[in-house]
There are 2 protein chains.
Amino acid sequence: MNKTERQRRLVRFLKSDPFLTDEDLSQILRVSVQTIRLDRFELKIPEFKERVLNVAKNPGLSPRTLTGGELVGKMVDLEVGSSGISILTVTPEMTLSKTRYIRGHHLFAQANSLAVAVIDAEIALTGIARVNFKRPVFCGEKVLAKALIRLNKGNKFMVKVTSHVKDEIVLVGRFLIFAVAEEAIPQ
Amino acid sequence: MNKTERQRRLVRFLKSDPFLTDEDLSQILRVSVQTIRLDRFELKIPEFKERVLNVAKNPGLSPRTLTGGELVGKMVDLEVGSSGISILTVTPEMTLSKTRYIRGHHLFAQANSLAVAVIDAEIALTGIARVNFKRPVFCGEKVLAKALIRLNKGNKFMVKVTSHVKDEIVLVGRFLIFAVAEEAIPQ
DNA sequence: CTGTTTTTTGGTACCTGGTACTAACTTTAT
DNA sequence: ATAAAGTTAGTACCAGGTACCAAAAAACAG
């Protein structure tokens, strides 16, 4: 039996029974456990615990997470050390079920990540945030956030962010941001 | 909190979410892992692996979480109208590039969505948020957020959220939430 | 047939989420 | 005050892995 044939069989076995451990599979396919692991790795098949958990959490609902990039929204202007502007287009995933209201934390995420981005430092972390949500935002709207550094004492920055939809203010936030020295970054 | 009360809560937690480890439970119930194990033993509740396997092999009963995907983090306790607890496990996507610091708005999102979830209303929106980030959170850590309704005047709610990693407070936030009447929901 | 590459195997250190057990410390009750 | 109940700490061990390194075996090529 060659490698490809074995891997084909491995996939078949796991499809019919995801509760097989590498040990089980190594006995079925008459190869070492290590070989099974390599095969699984090549085929990007997760480990036993993962597979069981996947089956258990079956209905596969994906939590509505925030975007993965550094910035929430799209940067349209940035003067590091003083100001920045970003635009966020509201998609249906950001809204509450059955309504068209956007969840507040997406607006916060846009404002917060913009506030952090305008700081001239490798790493900046939010210390305190005070945010007023002025009116709800709906699916399809474009939110324009403007950030302005208001104060700078040492590694502390006060950033004011104002978010608009057209002419209406939807969010006003004040963020106290800390710049972190690179040496302080843990590994 | 006495032993019987704790065990009653433990059963409730596991009924609503069987995917809680002893470690999770020890943090929720503020006792040592050993105590959780003793409780589980007395109550004849099987270990995590067993429970997951049971759920996986029993597609019949699925005690799905209350709010599903609306929440950032995993709801582990909810008394609508008074309090709630959620757990967020920090994944690499939530961190800043090259460091292990989590970006603040994820913590905010967990706290905010929990604050909204505890309100006994079809729709609730955040009006004002005041958040203090007490210390950075790193990849791999589990953040436990507790929300408590502090005040309720008409459709306004003051919710206090405190987030911990083990014994350390990482976030304290106060949210002014508005319940929205269903008739006011736009189409 | 020999040399190179691919495939397979073995072994170690480490991880999570436990079991099983001992010992000690802290509360509570009598 | 002292016993009993409850809680915590610590150790050794286990399954089912990950991650990595080295070596043996098989496949292929010139």
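Residue numbering restarts at 1 for every chain, and letters A, B, ... go by the order of the sequence lines.
In this structure, of C/dG11, C/dG18, D/dG17, it is D/dG17 that holds the atom nearest to the side chain of A/R37. Across C/dG10, C/dG17, D/dT8, the shortest atom-to-atom separation from the side chain of B/T21 is found for C/dG17. With distances taken from any side-chain atom of A/T35 to the nucleotides C/dT8, C/dG17, D/dT8, the minimum falls on C/dT8. Which of C/dA20, D/dG16, D/dT8 sits closest to the side chain of A/F48 comes down to D/dG16. Considering only side-chain atoms of B/R40, the nucleotide from C/dA20, C/dG18, C/dT9 that sits closest is C/dG18. Checked against C/dT9, D/dG6, D/dT18, the side chain of A/E47 finds its nearest nucleotide in D/dT18.
Dashed line: the shortest gap from a side-chain N or O of B/R6 to OP1 or OP2 of D/dT7 is under 4.0 Å. Between D/dG17 and A/K49, no contact under 4.0 Å exists linking OP1 or OP2 to a side-chain N or O.
The distance from atom CG of A/L38 to atom P of D/dA23 is 18 Å, rounded to the nearest whole Å. Distance, B/E50 CD to C/dG18 P: 11 Å, rounded to whole Å. A/N2 places its CG atom 9 Å from the P atom of C/dT8, with the value rounded to the nearest Å. With rounding to whole Å, A/I36 atom CD1 is found 15 Å from D/dG16 atom P. Distance CG (A/L29) to C1' (C/dT9): 15 Å, rounded to an integer number of Å. Residue A/K3 contributes atom NZ, which lies 12 Å from atom C1' of D/dA27 at whole-angstrom precision. Taking atom CZ of residue A/F41 and atom C1' of nucleotide C/dT8, one finds them 17 Å apart after rounding to whole Å. Here the C1' atom of nucleotide D/dG16 and the CG atom of A/L53 are 14 Å apart, to the nearest Å.
The number of heavy atoms from other shown groups lying within 6.0 Å of CZ (A/R12) is above 12.
Relative ring orientation between A/F133 and B/F108 is described as tilted, the plane-to-plane angle lying within the 30° to 60° band.
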(request) Just do the salt bridge (charged side-chain N to carboxylate O under 4.0 Å, His left out) check on A/E50 and A/R40 with the steps written out, would you? (result) CA-CA 13 Å; A/E50 290 282 314; A/R40 242 192 333 97; over 6 Å; no
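Comment: B/D39 does not engage B/R8 in a salt bridge, judged by the lack of any side-chain N to carboxylate O separation of less than 4.0 angstrom.
Between the B/S113 side chain and the B/V72 main chain, a donor and an acceptor come within less than 3.5 Å of each other.
Across all strands shown, A/V31 has heavy atoms under 4.0 Å from sugar-phosphate atoms exclusively, and none from any base.
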